[in-house]
Visitor: 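Supplied in structure tokens, the structure appears directly below.
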Number of protein chains: 2
Amino acid sequence: MGSPAASDDGNFPACQAREILGRIGDKWSLYVISLLGEDTKRFTDLKRGVEGISQRMLTVTLRGLERDGIVTRTVYPVMPPRVDYALTPMGRTLLETVGTLVAWAEEHVADIDGARAEYDERESYALRPLSSP
Amino acid sequence: MGSPAASDDGNFPACQAREILGRIGDKWSLYVISLLGEDTKRFTDLKRGVEGISQRMLTVTLRGLERDGIVTRTVYPVMPPRVDYALTPMGRTLLETVGTLVAWAEEHVADIDGARAEYDERESYALRPLSSP
DNA sequence: CGGAATCCGATCTGATACTG
DNA sequence: CAGTATCAGATCGGATTCCG
């Protein structure tokens with residue numbers, strides 16, 4: 001329904017791969033996946049484990065990962081509620097790569113910080129016509 | 001106005017690592033990095049190589065990667081302009097991991113597509129009170 | 001505890017037009 | 001060729017409130 005023949009990019013394989021990369025490449029997803037590891041974790045565990053994530057973003061992220069078949073969500077009908085999250089077999093195949101990526105980011109914080117400072121100086125400098133204080 | 005000492009998260013290491021993950025985890029960055037590989041490529045080559053990227057997003061992505069010290073940008077002062085992009089040594093250390101991630105996404109398009117269909121059905125089904133057509 | 005729903009400013013992004 | 005500038009629409013994401 002709706003659009004007859006316009007923009008069916010949505011079904012284009014390359015477009016789907018991009019969407020998937022968007023999901024797993026998301027900073028929150030990366031942390032959630034690497035934090036889950038081989039274990040089963042509860043919502044609050046993840047919230048504590050992923051520094052700085054809001055409840056909303058954790059919920060949204062987990063929903064997305066669940067929908068894509070990367071994590072499983074198990075609800076126990078008790079009060080107070082208890083929900084367990086874990087990686088699916090497919091999700092586990094991501095673990096090593098994601099772990100490497102997260103580790104890379106953490107290892108290169110200083111390098112990148114330096115590169116940024118250098119770049120910013122170069123740029124502000126390039127933009128200034130002639131003088132320097 | 002308001003917050004005097006609140007939210008200096010900006011300098012917090014964990015926050016910086018997240019920001020870096022946000023950059024390299026970005027779908028466009030991932031494609032650009034893996035496409036660059038060991039080579040030097042021109043702007044237009046990248047534009048053609050990264051399916052579906054707009055000129056604007058390619059520019060923005062490359063600027064970010066340059067600022068973070070992941071790619072180099074070489075401008076030749078000729079007409080018409082010529083600009084070469086390549087990975088820095090630091091950028092090259094990402095290549096294997098990023099390549100794996102991109103390959104993973106492409107390999108799992110079908111699986112994830114299936115998982116999504118299943119999830120969507122389960123959900124729409126769960127939300128409906130009782131009846132089914 | 002683990003959400004869902006809503007509000008709303010901030011950010012992102014594509015389209016378009018212009019340029020050296 | 002390789003951008004920059006601008007603008008409007010879409011999306012993101014935090015804060016808040018309410019719920020079983």
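Only this structure's heavy atoms are used, side chains among them; waters, hydrogens and symmetry mates stay out. Chain naming here is simple, since letters A, B, ... match the order of the sequence lines and numbering starts at 1 in each.
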Visitor: Search all heavy atoms of B:L30 against all heavy atoms of B:I24 and return the closest pair with its distance.
Guide: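 Looks like CD2-O, 2.9 Å.
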Visitor: Can you tell which of B:V32, B:T40, B:L36 makes a side chain to side chain contact (heavy atoms under 4.5 Å, CB included) with B:L87?
Guide: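 For B:L87, the side chain to side chain contact (heavy atoms under 4.5 Å, CB included) check succeeds only for B:L36.
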Visitor: When the nearest nucleotide of DNA chain D is assigned to B:V75 and to A:S54 on a heavy-atom basis, which residue is associated with the more 5' position?
Guide: B:V75
Visitor: How close do A:M90 and B:I112 get, counting heavy atoms only, and between which atoms?
Guide: CE-CG1, 3.7 Å
Visitor: Expressed as a whole number of angstroms, how long is the span from B:K47:NZ to D:dG3:C1'?
Guide: 12 Å
Visitor: Between A:S29 (side chain only) and A:R23 (backbone N and O only), is there a donor and an acceptor less than 3.5 Å apart?
Guide: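 Such a contact is found between A:S29 side chain and A:R23 backbone.
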Visitor: Identify which nucleotide among D:dG14, D:dT4, C:dG3 has an atom closest to any side-chain atom of B:T59, counting heavy atoms from C-beta outward.
Guide: D:dT4
Visitor: Taking only the side-chain nitrogens and oxygens of B:Y85, find out if one of them lies under 4.0 Å from OP1 or OP2 of D:dG3.
Guide: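 Affirmative; the distance criterion is met.
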Visitor: What is the distance, rounded to the nearest whole Å, between atom CD1 of B:I53 and atom C1' of D:dG3?
Guide: 14 Å
Visitor: To the nearest Å, how far apart are B:L62 CG and D:dT4 P?
Guide: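 To the nearest whole Å, that distance equals 11 Å.
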Visitor: How close or far is atom C1' of C:dG14 from atom CD of B:E51, stated in whole angstroms?
Guide: 17 Å
Visitor: Identify the two heavy atoms, one from A:R116 and one from B:E19, that lie closest to each other, and give their separation to 0.1 Å.
Guide: NH1-OE2, 3.1 Å
Visitor: The side chain of A:W28 is closest to which nucleotide in this list: D:dG14, C:dG3, D:dT4?
Guide: D:dG14
Visitor: Are there any protein N/O atoms within less than 3.5 Å of an N/O atom in nucleotides 18-20 of chain D, and if so, which ones and at what distance?
Guide:
none

Visitor: Shared ILVMFWY cluster between B:L35 and A:L21, side chains joined below 4.5 angstrom?
Guide: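 Same cluster.
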Visitor: Starting at atom CE of B:M57, determine the distance to atom C1' of C:dT11, rounded to an integer number of angstrom.
Guide: 11 Å
Visitor: Is the closest basic N to carboxylate O distance between A:K41 and A:D84 below 4.0 Å?
Guide: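 No, A:K41 and A:D84 are not salt-bridged.
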Visitor: Rounded to the nearest Å, what distance is computed from the CZ atom of residue B:R23 to the C1' atom of nucleotide C:dC12?
Guide: 13 Å
Visitor: Treating Ile, Leu, Val, Met, Phe, Trp and Tyr as nodes and any side-chain heavy-atom pair under 4.5 angstrom as an edge, say whether B:L95 and B:Y85 lie in one connected cluster.
Guide: yes
Visitor: For A:L58 and D:dG14, what is the distance between atoms CG and P respectively, to the nearest whole Å?
Guide: 11 Å
Visitor: Nearest whole angstrom, please: distance from the P of C:dC12 to the CD of B:E19.
Guide: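 After rounding, the reported distance stands at 10 Å.
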Visitor: Fill in the dot-bracket string of DNA chain C, one character per base: . for unpaired, | for a pair to another strand, ( ) or [ ] for pairs within the strand, taking Watson-Crick or G-U pairs under 3.5 Å.
Guide: ||||||||||||||||||||
Visitor: Please produce a list of atom pairs where a protein N or O lies less than 3.5 Å from an N or O of nucleotides 5-11 of chain D.
Guide:
none

Visitor: Does D:dG3 have OP1 or OP2 under 4.0 Å away from a side-chain N or O of B:R82?
Guide: no
